[in-house]
Every structure is written in C-alpha cells, then in structure tokens.
2 protein chains.
Amino acid sequence: MDGDIRFSTFKRDVNLTMVEICREIFRNNSGGIKIQKEEVAVRSLAKILEAALRLCNRKGFASMSLRDLSRESGVSLGAMYSYFSSKDDLLRLMQGHGRSVIVRILEGVISGIDDPWIRLRRSIQAHLYASEVLQPWFYLSYMETRNFPADEFKKALESELYTERMFVDIIMDGQSRGLFRPADAELLGSAIKSMLQDWYLKRWKYTARKVSVEDYGNFMLGFIESYLMDREIS
Amino acid sequence: MDGDIRFSTFKRDVNLTMVEICREIFRNNSGGIKIQKEEVAVRSLAKILEAALRLCNRKGFASMSLRDLSRESGVSLGAMYSYFSSKDDLLRLMQGHGRSVIVRILEGVISGIDDPWIRLRRSIQAHLYASEVLQPWFYLSYMETRNFPADEFKKALESELYTERMFVDIIMDGQSRGLFRPADAELLGSAIKSMLQDWYLKRWKYTARKVSVEDYGNFMLGFIESYLMDREIS
DNA sequence: TATTTTAGAACGATCGTTCGTTTTATTTGC
DNA sequence: GCAAATAAAACGAACGATCGTTCTAAAATA
C-alpha cells in the first residue's frame, strides 16, 4: 500500500550492526568505560554484550553469573569490570541504548506525513521492524524491567507509555477527522502494543510457523484497519 | 449479549480461594509434602505460596531467596523444606496447579454450545476472568517459563499452544460454516492470546486507568468480532 | 620502556540445603 | 483425667558452593 515500509529497505537504512551499536554506546559512556582506545573497547564490548544478550535471553539476567558471562564472551572477569562498574551497571548499559534507537526511528518515520492511515501503517511497521532487528534488546527490556534500578525502571514504564501514546494520538487524530470509527483509542493503542510485543516475545512460535515479519505486520494492519473502518456497530 | 458470562457470577462459581487451591495442591502432592495432617499443611502452604507469589511478582523467582520467603511467609527455613524438596520443586508446586484449572474452566464453559460466535465470546471471557482471579499465578507462569526445569518448560509451551489452538479451532469452524470472514486463523488466535496476556501482565496500567475486566473483555470482543464480520476487504 | 589492558586468585557476603535440637501435638498407661 | 511417652512439626545455626567485586601481577601494546 502507499507509503508502506519494506523490511529489507528498513534494515538497510537503519544499519544497526552490533559493532555500530557498541561504538555508539562507547561514545556515550566514555565516563563509565575505563578503556581508552576505541577499537579495543568496541571489540570487547561487542563480545560482552552479544554474550550477555544471549545468556539473558536464555535464563534471565538474575540467573546469569558474571563467570558465565566471562566464559561465554571470552573476556576475563577482571577485564569486564573495565567496561562496567557493577552487574546493575551492565544492565543499564544493555538497556539504555535500545530506547533511544526506537524513539529516533519511530519519530523519523512519520514526520512530515499527514494522513492518519499512512501514519498508523508506518509507525506500526517501523516498530515491528525495529523489534525484529533488535529482538534480543527488546526481549531483555521487557522481561527484566522488574530488576532495573529504580530510575531505569521508571524510564522503562514511561517508554512503554510513550510509544503507546504515539499510536493513541494517531488514532484520535483519525477519529476527530471522521476517518476512523469512534472507539476506545486507549484500549486500541494497548492492543496494538501487545501484538507488537508478542512478535519479539514469542519468536520461537512464529519462526516455527514460518511467519515472516512482513506477514505479521500485514495481518496486524488488516486486523486494525478493519476495525477502524467498520461503521456497522455502534 | 446472549450467552455472555458476567465476571461476578464467574467468580462465585469457580470459587478459587487460596485455601481451596492449597488443599487441592496438598492432595495431589501427598508424595512430595512431608506433612501429614491436612489442616496443618494447608495452613502453612497457603502462607508459603501467598508469600512466594508476592515476592516472585515483585522481583522474580531467581532473585527471591528462601530467606526472603521465610521472612515474608513466617515459616522457618527448615519447615519450608517439609513442603518442597528444593527451590525448583517450589516452582513446580506453584506452577503446576494453574494449568489444570484453566483447562478445566475453558472446556467446561463452551461444552454443549454450538454457535461459533457464542463459543468465541465465552472462551475469551472465561480465559480473561480466570486470569483475573488467578493473576499472580498467570503472571508467574508467563515470566518464569524460562527457569522451569526441562519437563515443566515443555508443558508450559504446550499449554500456550493448547489454549491458542482452542481459539483457532473455533475460528476455523466459524469460517467453514461461512459465518466468519476468511482470514489467517492462526495469526488471529495468536493475537487473541497476546491481548489476553496483556491483561494480566500489565495490570498496573489497566488498574491506573480504571479499566475493569469486563470493559477489557468487551473491547476485545468488539475488536475481534468487527474483524470476523467484515466482508469489505479480501 | 612506559602505559594500557587483561588475567585470575582471593575476599566477604549470601545462596540453597542439611541436620541436630526444641517445641508442639497426639497417644498411651493407669 | 492426667502424666508420661511418643510422634509430628518447626526451628535456625552451620556447611559448602557460588555470588559480585576487588586487587595485584603479568601480558600486550605503543
């Protein structure tokens, strides 16, 4: 449909490789990271974060010991403490990045577009595609929110509400222009979020069924648009 | 609508108090529980499981120490080991029950009903109401699946697929009778599950917004039925 | 050689679990 | 009916393992 985003072009444009992400993390955390040479730091950071995401996704942050992480990443216990100052700090390091990326992507993708139908399609697609590219990050952020230190916990909840609010705003805009049916915009926003989350929380299920990310997005959009166009009921 | 279940009557009929649940757990686990007198066992079990659910929901199973649990429940460390043989066994004890309850309820609620519209409404309402009554159990089961021992992990995934299959079967039945629009029944089943799960995973959000469980169910049903009735698009 | 980075032994705290003891409840003997 | 004897249950100190974290010496880099 008009204005749609294809996953392949999305992936090419955002270019979120592990090394690039680690480079950005390093530059934003030069205070906390004790390593000075960027190339050394980025190489070790990538090994650490890749291993940490793998272990956290498998058994959870609390059950991952730093010895596990040292073994899995190939970086010694002592060396790891040059990249973070505590286990909680490691969580902050892993978590902090994904949030800024998703906001940047979501806002970029609908800026300058007026039609609510297209805004809705594009923001859902962008959210879905971002969670596909950064799946381990999204999964971690969702499952470990409880274990975040207080300030990060608060930010995580705000982030959940912020992205939901984006959808709600688009829906209410469409309604006030008479394009969308009247319906509870907040509940529909929540439903959209929950379906988006299901994609990265249950990847095992969709992978087994050979459902692609574009299949999933198209289903979601058909489902939602059918509801918003419906004028039969109340 | 016809055949709907009200939450208040549901709650009254299933009668799932903590003491009754613990009594059933005790009777099904007489092998593993070393306490002989039912009244003593049920009383302590209720204290232990109530505290364990509270702590697990707050900080996760892995981060809950048995000393935390002892303090919170008022049952000593040693005494607790008369009710389970290891921390993993405690997880099994907490998890095992909910599953049998939900299957029993869901199947009971649609047995003997033929109309797919009513079957769909009733199974969604029953699932939602069960998760409302047993919210801490459902939350735990979802968030801690990764930490289950292998056999329990497998059962948890099967359970997820089993309840989803119930929805898919109803949808496909309705489609083959020409009542529901043609659409991907498996993806719609997944979407229904994800919305049901959002209710017990994000209670904080819905509580803050004063959305009742019946509000939520009505929204879900309107959303889904609008899609299944729609004959405009493909 | 001077500086940066890594390695892994060592430390105190806390974990799950065990176990000998004390407390509580029930049965027995008269 | 009431001690004494026995069984059931609760208790919490103690154990070995493992946790996050620190620190110093060795290795790598320039």
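Throughout, protein chains are lettered first and strands after them, A, B, ... in sequence-line order, and every chain is numbered starting at 1. Just the heavy atoms: all of them, side chains too, but no hydrogens, waters or symmetry mates, feed the values below. Bear in mind the structure is a predicted one, so any value in this text is a computation, not a measurement.
Within the nucleic acid shown, B:I35 comes within 4.0 Å of sugar-phosphate atoms alone, with no base atom in reach, counting heavy atoms only. Looking at heavy-atom distances under 4.0 Å, A:M80 makes no contact with the nucleic acid at all. Looking at heavy-atom distances under 4.0 Å, A:S86 makes contact with sugar-phosphate atoms alone, never a base.
The pair A:K11-A:E214 does not count as a salt bridge, with every side-chain nitrogen at least 4.0 angstrom from each carboxylate oxygen. A salt bridge links A:E24 and A:R104; the closest N-O separation between the charged side-chain nitrogens and carboxylate oxygens is under 4.0 Å. For A:D89 and A:R92, the salt-bridge test passes: some basic side-chain N is under 4.0 Å from an acidic carboxylate O. Looking at A:K155 and A:E152, a side-chain N of the basic residue comes within less than 4.0 Å of a carboxylate O on the acidic one, giving a salt bridge.
The A:K87 side chain lies nearest to D:dT21 when the options are D:dA9, D:dT21, C:dT4. Comparing C:dT6, C:dC15, C:dT17 by their closest approach to the side chain of A:S82 singles out C:dT6. Relative to the side chain of A:Y83, the nucleotides C:dT6, D:dT21, D:dA10 differ in distance, and C:dT6 lies closest. Out of C:dA25, D:dT21, C:dA7, the shortest distance to the side chain of B:K37 is found at C:dA25. For A:R67, whose side chain is taken as the heavy atoms from C-beta onward, the closest listed nucleotide among D:dA8, C:dA7, D:dC19 is D:dC19.
Put simply, CG on B:L77 is 10 Å from P on D:dA13, counting in whole angstrom units. Rounded to whole Å, the distance from CE on B:M64 to P on C:dT14 is 18 Å. Computed from coordinates, the B:R71 CZ to D:dG12 C1' distance equals 14 Å when rounded to whole Å. Atom P of nucleotide C:dG16 and atom CG of B:L55 are separated by 12 Å, given to the nearest angstrom. Atom CG in A:L45 sits roughly 11 Å away from atom P in C:dT6 (whole-Å rounding). Regarding A:Y81, its OH atom lies at a distance of 4 Å from the P atom of D:dT21, rounded to whole Å. Regarding B:I33, its CD1 atom lies at a distance of 16 Å from the C1' atom of D:dA10, rounded to whole Å. One atom, CG of A:L91, and another, C1' of D:dT21, lie 17 Å apart when rounded to the nearest Å.
Dashed line: the shortest gap from a side-chain N or O of A:S44 to OP1 or OP2 of C:dT6 is under 4.0 Å. In this structure, B:S65 reaches the C:dC15 phosphate: one of its side-chain N or O atoms is under 4.0 Å from OP1 or OP2. OP1 or OP2 of D:dC11 lies within a sub-4.0 Å distance of a side-chain N or O belonging to B:S76.
At least one side-chain heavy atom of A:S190 sits under 4.5 Å from a side-chain heavy atom of A:E164.
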